[in-house]
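The block underneath contains the structure these notes are about, expressed in structure tokens.
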Number of protein chains: 2
Amino acid sequence: MIELDEIDRKLLAALARDATQNASALGRRFGLSQPAAWRRIRRLQDGGAIKGRRLRLNTEALGFGVTVFLGVKLARKGRVSLEDFERAVSAIPEVQTVEHILGLYDYRLRVVARDLADFERVLRRRIMTLPGAGEVEANVLLSEERRPGPLG
Amino acid sequence: MIELDEIDRKLLAALARDATQNASALGRRFGLSQPAAWRRIRRLQDGGAIKGRRLRLNTEALGFGVTVFLGVKLARKGRVSLEDFERAVSAIPEVQTVEHILGLYDYRLRVVARDLADFERVLRRRIMTLPGAGEVEANVLLSEERRPGPLG
DNA sequence: GATGAAAACACACCGTA
DNA sequence: TACGGTGTGTTTTCATC
């Protein structure tokens, strides 16, 4: 487990919010010179505290207005079945996230589609035909708020 | 809705995977000069196709080894109740995502904790006491795969 | 698409605790 | 040994042509 001091936490929180901020701006904000801030960020990256930097796309503006969460129960839960299921799910382009979970459902999928008609197509032709898929529960996303989390 | 050509889609997909790539590397990959690639990315940002750039933290390495998804049903669902609930949820640092959804549950929360004992504390002292919260379902995250989505 | 100024990065080196 | 500051070469960004 990685130990962080106060400044590391502030840097990570700031960058988790907006990764476009540069080392000199962050340094000014937290009382460091540009190289000092840069070295800390570099050290956090090398130490594995940072998984990566990603662009967040505006899927709605890009024509994908519908996001649905699917809870999926597997009918058969053997080892092979899990792998078959995961491999088949990974081949569906509309699936953004595959979460293997413990609880009432076995998997949770985040699926995007152009509209509800498009989602129905994905559901009928892609999801319902997945190997081993049993019961499916759907929740349509109305709105979403992302928060910094306990580190921010 | 924003219209994209083939190259725009490739640029967005590449950056959604890894936003550290610079304009000249992307240009080389997709047959553009560095300024041409840079201008396209700039245009996509200004046009609103891009929501932002974020650092993805390695929450496990940082001491938060447990992620739980909570489905929450509200007991009372008046307009006031929704707002009260959302405001109260936003004050819990362990909550990373608040999703207002349509279906069997009203909200879906992504919660991180140091371990299961820590999660129990959050559940008992924070979640169960939320105003209007009724039934709660929990799913512990085992593993997660993020995929580029239909644009990638 | 090419060019060049401005900005940011990335490293070496030194000082301090 | 660990961390921060200063100075500086290099790379990237970004505007103009």
Side-chain angles (χ1 to χ4, degrees), chain A residues 1-62 146 148-152, chain B residues 1-65 93 114 146 148-149 151-152:
Chain A
M1 179 179 144
I2 300 164
E3 295 291 340
L4 307 176
D5 66 10
E6 194 55 31
I7 296 175
D8 283 339
R9 262 190 294 274
K10 284 181 184 170
L11 287 170
L12 286 178
L15 286 168
R17 263 181 240 266
D18 175 14
T20 62
Q21 298 171 97
N22 61 43
S24 67
L26 289 167
R28 251 195 315 282
R29 235 173 100 188
F30 301 127
L32 292 174
S33 67
Q34 173 266 318
W38 182 85
R39 276 193 297 254
R40 274 176 179 268
I41 296 163
R42 172 64 174 271
R43 188 168 52 75
L44 290 165
Q45 290 209 350
D46 295 347
I50 295 171
K51 270 188 190 166
R53 287 159 197 261
R54 289 203 167 190
L55 218 62
R56 284 165 43 70
L57 301 181
N58 190 348
T59 47
E60 286 139 53
L62 295 170
R146 297 204 184 203
L151 297 152
Chain B
M1 179 181 143
I2 299 164
E3 295 292 340
L4 308 176
D5 65 12
E6 194 55 30
I7 297 175
D8 283 339
R9 260 189 295 275
K10 283 181 185 169
L11 288 171
L12 286 178
L15 285 169
R17 261 181 240 265
D18 176 13
T20 61
Q21 299 171 96
N22 61 39
S24 68
L26 290 166
R28 252 196 315 282
R29 234 173 100 188
F30 302 128
L32 293 173
S33 68
Q34 173 271 319
W38 183 85
R39 274 196 295 259
R40 274 179 182 266
I41 296 163
R42 172 63 175 271
R43 188 169 53 74
L44 289 166
Q45 299 225 37
D46 295 348
I50 296 170
K51 270 188 191 167
R53 285 162 200 260
R54 290 203 165 190
L55 218 62
R56 284 165 44 70
L57 301 181
N58 190 348
T59 47
E60 285 141 53
L62 295 170
F64 291 85
R114 300 198 164 273
R146 298 203 183 204
L151 296 150

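Each chain gets a letter, A, B and so on, in the order its sequence line appears, and its residues count up from 1.
- Minimum atom distance to the side chain of A/A36 is reached by D/dG5, of the listed D/dG5, D/dA15, D/dT13.
- Atom pair B/R28:CZ and D/dT11:C1' shows a separation of 12 Å (rounding to whole Å applied).
- Listed candidates were C/dA8, C/dA2, D/dG4. Nearest to the side chain of A/L32 is D/dG4.
- Look at CG on B/N22: it is 11 Å from P on C/dA10, rounded to the nearest Å.
- Between A/L11 atom CG and D/dC3 atom P there is a gap of 13 Å when expressed in whole angstrom units.
- Among all heavy-atom pairs drawn from B/R29 and B/Q21, the shortest one is NH1-OE1, 2.9 Å.
- Across the protein-nucleic acid pair, B/R53 atom CZ and C/dA8 atom P stand 15 Å apart, rounded to whole Å.
- One atom, CZ of B/R40, and another, P of D/dT13, lie 17 Å apart when rounded to the nearest Å.
- Rounded to whole Å, atom C1' of C/dA10 lies 13 Å from atom CG of A/D46.
- Of all heavy-atom pairs spanning B/Q34 and B/A23, the tightest one is O-CB, 3.8 Å.
- The nearest whole Å value for the distance from the CD atom in A/E3 to the C1' atom in D/dC3 is 17 Å.
- Atom CZ of B/R56 and atom CG of B/D18 lie 11.0 Å apart (nearest 0.5 Å).
- In the interface, the side chain of B/Q34 is not paired with the base of C/dA2 through any donor and acceptor atom under 3.5 Å apart.
- In the set C/dA10, D/dG4, C/dA8, the nucleotide with an atom closest to the side chain of A/W38 is C/dA10.
- Residue contacts shown for A/S33 include a base, since a base heavy atom lies under 4.0 Å away.
- B/K51 has its side chain out of reach of A/R146: every pair of non-hydrogen atoms, C-beta onward, lies at least 4.5 Å apart.
- The separation between A/I41 atom CD1 and C/dA8 atom C1' is 12 Å, rounded to whole Å.
- Shortest non-hydrogen contact noted between A/D8 and A/D5 is N-OD1, 2.8 Å.
- Considering only side-chain N and O atoms, A/R42 lies nowhere under 4.0 angstrom from the phosphate OP1 or OP2 of C/dC9.
- A donor-acceptor contact under 3.5 angstrom links the side-chain atoms of B/R39 to the base of C/dG1.
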